[in-house]
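Reviewing the structure listed below.
These numbers were taken from a predicted model, which means no experiment stands behind them. Basis for what follows: all heavy atoms, side chains included, without hydrogens, waters or symmetry-related copies.
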Amino acid sequence: QVQLVESGGGLVQAGDSLRLSCAPSGRTFRSYAMGWFRQAPGKEREFVAAISWNGGNTYYVDSVKGRFTISRDNAKNTVHLQMNSLKPEDTAVYYCAVGLSRPVSVYYSDYDGYDYWGQGTQVTVSS
């Protein structure tokens, strides 16, 4: 059974940083793209960031460019989302996802392009 486990969420103040991690279990995802989405209360799930299987390409939603960095450690089969200069509007449940198809450039921001999802981790940013 495939599972994606997110960690690193929490309650912080505006301007603080958090580092989210996603550790798949059940299989190796070193050859696949991975992404982060988020969902705020009353809103649809939105794309945040994605990374290609080898880390060579990264993608971000405009609202987080320059503040968030996605990275992966294939040796440890993990992906991270470093979030700096957090804002109250970043408050949401953050989800990790794995996309089995290539290239990720075709679907990186498309919810339906991903095949496995984690349960999410809450990030709350107070003003």
Side-chain angles (χ1 to χ4, degrees):
Q1 184 177 357
V2 175
Q3 286 188 321
L4 301 177
V5 180
E6 302 98 335
S7 62
L11 171 62
V12 297
Q13 294 186 332
D16 286 349
S17 298
L18 279 175
R19 187 189 193 212
L20 305 184
S21 297
C22 175
S25 64
R27 67 179 290 179
T28 298
F29 289 103
R30 299 186 181 96
S31 299
Y32 303 112
M34 300 188 74
W36 288 95
F37 285 68
R38 65 186 178 187
Q39 187 166 18
K43 295 187 177 181
E44 293 186 352
R45 193 170 299 191
E46 68 165 350
F47 166 74
V48 177
I51 188 166
S52 60
W53 70 276
N54 62 355
N57 293 289
T58 57
Y59 309 87
Y60 300 93
V61 66
D62 285 347
S63 60
V64 308
K65 285 180 180 178
R67 300 189 298 122
F68 290 12
T69 302
I70 188 171
S71 62
R72 67 190 300 158
D73 184 343
N74 281 347
K76 297 182 179 179
N77 204 30
T78 59
V79 65
H80 303 287
L81 185 66
Q82 178 67 43
M83 305 186 296
N84 299 330
S85 303
L86 282 162
K87 304 176 180 180
E89 50 263 44
D90 294 318
T91 295
V93 177
Y94 283 71
Y95 297 91
C96 171
V98 174
L100 303 183
S101 302
R102 292 190 185 181
V104 67
S105 58
V106 173
Y107 66 87
Y108 65 87
S109 64
D110 183 359
Y111 173 91
D112 292 329
Y114 293 83
D115 300 276
Y116 297 104
W117 292 84
Q119 294 300 307
T121 184
Q122 176 70 48
V123 172
T124 303
V125 185
S126 63
S127 57

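Taking the side chain as every heavy atom from C-beta outward, Trp36 and Met83 never approach each other to under 4.5 Å. Looking at heavy atoms from C-beta onward, Ser101 lies in side-chain contact with Tyr107 at the 4.5 angstrom threshold. Counting heavy atoms from C-beta on, the side chains of Val104 and Tyr59 come closer than 4.5 Å.
Here Leu11 contributes atom CG and Gln122 contributes atom CD; the two are 9.5 Å apart, rounded to the nearest 0.5 Å. In this structure, the separation between CG on Leu100 and OH on Tyr114 is 11.5 Å, given to the nearest 0.5 Å. Separation of atoms OG (Ser25) and CG (Leu4) is listed at 7.5 Å; rounding is to 0.5 Å. The line from OG1 of Thr58 to CZ of Arg72 is 12.0 Å long, rounded to the nearest 0.5 Å. Between atom OG1 of residue Thr28 and atom CG of residue Asn77 there is a gap of 5.0 Å, rounded to the nearest 0.5 Å. Annotation: the span from Leu20 atom CG to Gln82 atom CD amounts to 9.0 Å, rounded to 0.5 Å.
In terms of modelled atom types and a separation under 3.5 Å, the side chain of Asn74 and the main chain of Trp53 share a donor-acceptor contact. Although no hydrogens or angles enter the test, the distance criterion places a donor-acceptor pair under 3.5 Å between the side chain of Tyr60 and the main chain of Ile70. No donor-acceptor pair under 3.5 Å is formed between the side chain of Glu6 and the backbone N or O of Cys22. Judged purely by atom type and a 3.5 angstrom limit, Arg102 has no side-chain atom pairing as donor or acceptor with the backbone of Ser52.
The list of disulfide bond (SG atoms under 2.5 Å apart) pairs with a residue in residues 34-82, not counting sequence neighbours, is empty. Sorted by first and then second residue, the salt bridge (Lys or Arg N to Asp or Glu O under 4.0 Å) pairs with a member in residues 104-123 form an empty list; sequence neighbours excluded.
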Side chains of residues 88-99: which donor-acceptor pairs under 3.5 Å do they make with residues two or more places apart or in other chains?
unit_1, atom_1, unit_2, atom_2, d
Asp90, OD1, Arg38, NH1, 2.9
Asp90, OD1, Arg67, NH2, 3.1
Asp90, OD2, Arg67, NH1, 2.8
Asp90, OD2, Arg67, NH2, 3.4
Asp90, OD2, Lys87, N, 2.8
Thr91, OG1, Pro88, O, 2.9
Thr91, OG1, Val125, N, 2.9
Thr91, OG1, Val125, O, 3.4
Tyr94, OH, Arg38, NH1, 2.9
Tyr94, OH, Asp90, O, 2.6

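Residue Pro24 comes nearest to Met34 through the heavy atom pair CG-CE, 3.8 Å, listed as atom of the first residue, atom of the second, then distance. Heavy atoms only, all atoms of each residue included: Val48 and Val64 are closest at O-CG2, 3.8 Å.
In Gln119, the CD atom is not crowded: 12 or fewer heavy atoms of neighbouring residues, nucleotides or ligands sit closer than 6.0 Å.
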